[in-house]
There are 2 protein chains.
Amino acid sequence: MILISTRDRIVERADTLFYEGGFEATSFADIAEAVGISRGNFYHHFRTKDDILDAVIDRRLERTRGMLEGWQGEGANPRERILSFINMLIANRTKIMAFGCPVGTLCSELAKLDHAAHARATDILGLFRDWLTAQFRTLGAGDRSEPLALHLLSWSQGVAVMAAAFRDEAFIGNEVAGMEAWLVSLTENSFKTKEH
Amino acid sequence: MILISTRDRIVERADTLFYEGGFEATSFADIAEAVGISRGNFYHHFRTKDDILDAVIDRRLERTRGMLEGWQGEGANPRERILSFINMLIANRTKIMAFGCPVGTLCSELAKLDHAAHARATDILGLFRDWLTAQFRTLGAGDRSEPLALHLLSWSQGVAVMAAAFRDEAFIGNEVAGMEAWLVSLTENSFKTKEH
DNA sequence: GACAATCTAGGTCGTTCGTCCTAGAGATAT
DNA sequence: ATATCTCTAGGACGAACGACCTAGATTGTC
C-alpha cells in the first residue's frame, strides 16, 4: 500500500483542476473539496493561491522531465523519440479536445493575468523545446535544430488549440500524419544536402 | 464628429479587456471604469456578463467578416489573399506576444469554463476556416482545400501560443517565412500533380 | 507518560463579484 | 405643458473569493 501525503494529493488535484477549469476559475474551496479536506487544512499546506500554482508548475516540470527521460530510453533513434512526442496528441486526444494543452493554455492564461509565474510555466515548454532540439541535433540538423524544435512544438500547440475549439478528432489524426510525414521528409532530404 | 453609442463603447472596451485580461478575470466594474460610466448605466445596457460576452463575440464575428471581405478585394489572386491572412501575425505581433490570439485564447478559456458561448466563439475561427478553404479551392486544391485551411489556421494558432509564451519576435518571423514558403511550394508542385 | 510539533477542522474577516433596485436627469411625443 | 420613455448614477443585496485564526486531534520524541 502506497501512502500519498496530503500535500501531494492537493497538488495533484489542483493540477487537474487548473487544467480542466483554469487557474483563475479554480478556488481554494474547489481544490479542498476535490481532495476531501477542509479549507483550514488546505491553508496549512499552502498559504496563498500563488504558492499552490508554484507547486503545480514544479510538479509539471518534474513530470515532464521524467517523461522526456522515458522517451529517451524508449526510442532507438532520435526519429522514434520525436515520434513519442508527436504521439502525445493521439494518446491525450480526449482531454485535449475538451481542455486543450495543459501547458499551452496555462501559459496563455498567465500571460493575460500578467502573473509572475508565467515565466516558470513557459519553462515547461522550454523543456520540450530543449529536448526536441537535442533530438534534431542528433539527427544532424545542426543550427536548424532549435528552429525545427520550436516549429514542431508550435505545430502541436496549434493542433491542441484547434482540437479544443472544433472538437475534431479527425483533424488531430490528419495533423499527426502530417507531422510524421514532415519528419520523414526532413530525415530523408534536407539533412543530407545542407541547403536551408 | 462621430457619435458612438454608449452600448458600442461598452462592447468595444469589453472586447479589449476580455482579450488582454481574459473573460473570467474581467469584471463589470473593470469595464464600467474603462468606459467611464457607472455600473448602473452599464447594467441598463447588459443585464448579465454572458450578454456582454455575446455582444463581444457578435462584434468579433462582424469585424472578422469585414476583414475577410477586405482581403478578398485586396488580393489579386488567392495566393496573395492568403498572404494577407498570414501577415496578420506580423501586423499584430506586439499584441500577440503579450496576449496571444484573441480568438484562440477566448475559445480555450470558454472550453475550460464549459461556457455556452464556446460554440459561437469557435464560429469566429470557422469564418477563417471557410474563407481559407475557399481560397485553396480557387487555387485548385479540390478536396484538400479544407484540410489545408485547417492546417494553416492551426499553424497560426500555434505560432500565437508560442509567441505569447516565449515572447519571441524572431520566432514569429521564422514561422511566417515558413508559411510563405509552404504556400509557394503548394502552388508550384502539389496542385499540378494530384498525388496525395 | 509528558511534551512538542504537526495535521486537521471549521469559523471569520474584509473584499469583490454579478446582479438588482430606486431615483433622478434628459429627451420625445402628444 | 404634461406624460412617457430612455439613459444615467450609485447604493444594496447575497454569495463567493482569498486569507487568516483558533482549537482540537494526531503523531512523534524523550
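In what follows, every heavy atom counts, from backbone to side chain, and hydrogens, waters and symmetry copies are set aside. Reminder, nothing fancy here: chain letters follow the sequence lines and each chain counts from 1.
- Residue pairs meeting the salt bridge (charged side-chain N to carboxylate O under 4.0 Å, His left out) criterion with at least one member in residues 103-112 of chain A: none, sequence neighbours excluded.
- For residues 37-46 of chain B, no pair satisfies salt bridge (charged side-chain N to carboxylate O under 4.0 Å, His left out), with sequence neighbours left out.
- Here B:Val161 is tied into one hydrophobic group with A:Val161, each link being a pair of ILVMFWY side chains closer than 4.5 Å.
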Enumerate, atom names and distances included, each donor-acceptor pair closer than 3.5 Å involving a side-chain atom of residues 21-34 of chain B, sequence neighbours excluded.
{"residue": "B:Thr26", "atom": "OG1", "partner": "B:Leu17", "partner atom": "O", "Å": "3.3"}
{"residue": "B:Thr26", "atom": "OG1", "partner": "B:Gly22", "partner atom": "O", "Å": "2.7"}
{"residue": "B:Ser27", "atom": "OG", "partner": "B:Ala29", "partner atom": "N", "Å": "3.4"}
{"residue": "B:Ser27", "atom": "OG", "partner": "B:Asp30", "partner atom": "N", "Å": "3.1"}
{"residue": "B:Ser27", "atom": "OG", "partner": "B:Asp30", "partner atom": "OD2", "Å": "3.1"}
{"residue": "B:Asp30", "atom": "OD2", "partner": "B:Ser27", "partner atom": "N", "Å": "3.0"}

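- Taking side-chain N and O atoms only, B:His44 has a distance below 4.0 Å to OP1 or OP2 of D:dC7.
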Task: For DNA chain D, the dot-bracket pattern of Watson-Crick and G-U pairs whose distances stay under 3.5 Å, | for other-strand partners - done: ||||||||||||||||||||||||||||||
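- Pairs engaging residues 151-172 of chain A under the salt bridge (charged side-chain N to carboxylate O under 4.0 Å, His left out) rule: A:Arg93-A:Glu169 [sequence neighbours left out].
- The hydrophobic cluster containing B:Tyr43, built from Ile/Leu/Val/Met/Phe/Trp/Tyr side-chain heavy atoms closer than 4.5 Å, comprises no other residue.
- Interface limits on DNA chain C: the 5'-most and 3'-most nucleotides within less than 4.0 Å of chain A heavy atoms are C:dC7 to C:dT12.
- B:Thr48 pairs by the side-chain hydrogen bond (donor to acceptor under 3.5 Å, both in side chains) definition with B:Asp51, not counting sequence neighbours.
- In this entry the distance linking CZ of B:Arg9 with P of D:dC7 reads 13 Å, nearest Å.
- Residues forming a salt bridge (charged side-chain N to carboxylate O under 4.0 Å, His left out) with B:Arg9 (at least two apart in sequence, or on another chain): none.
- At the phosphate of D:dT8, OP1 or OP2 sits under 4.0 Å from a side-chain N or O atom of B:Thr6.
- Proximity of A:Leu186 to A:Leu139: side-chain heavy atoms (C-beta onward) are nowhere separated by under 4.5 Å.
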TODO: Treat primed atoms plus P, OP1 and OP2 as sugar-phosphate and everything else as base, then score nucleotides 9-25 of chain D 5' to 3': B for base contact with protein heavy atoms under 4.0 Å, S for sugar-phosphate contact only, - for none.
DONE: BBBB----SSBB-----
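- Counting only residues at least two apart or on different chains, no salt bridge (charged side-chain N to carboxylate O under 4.0 Å, His left out) pair has a member in residues 173-184 of chain B.
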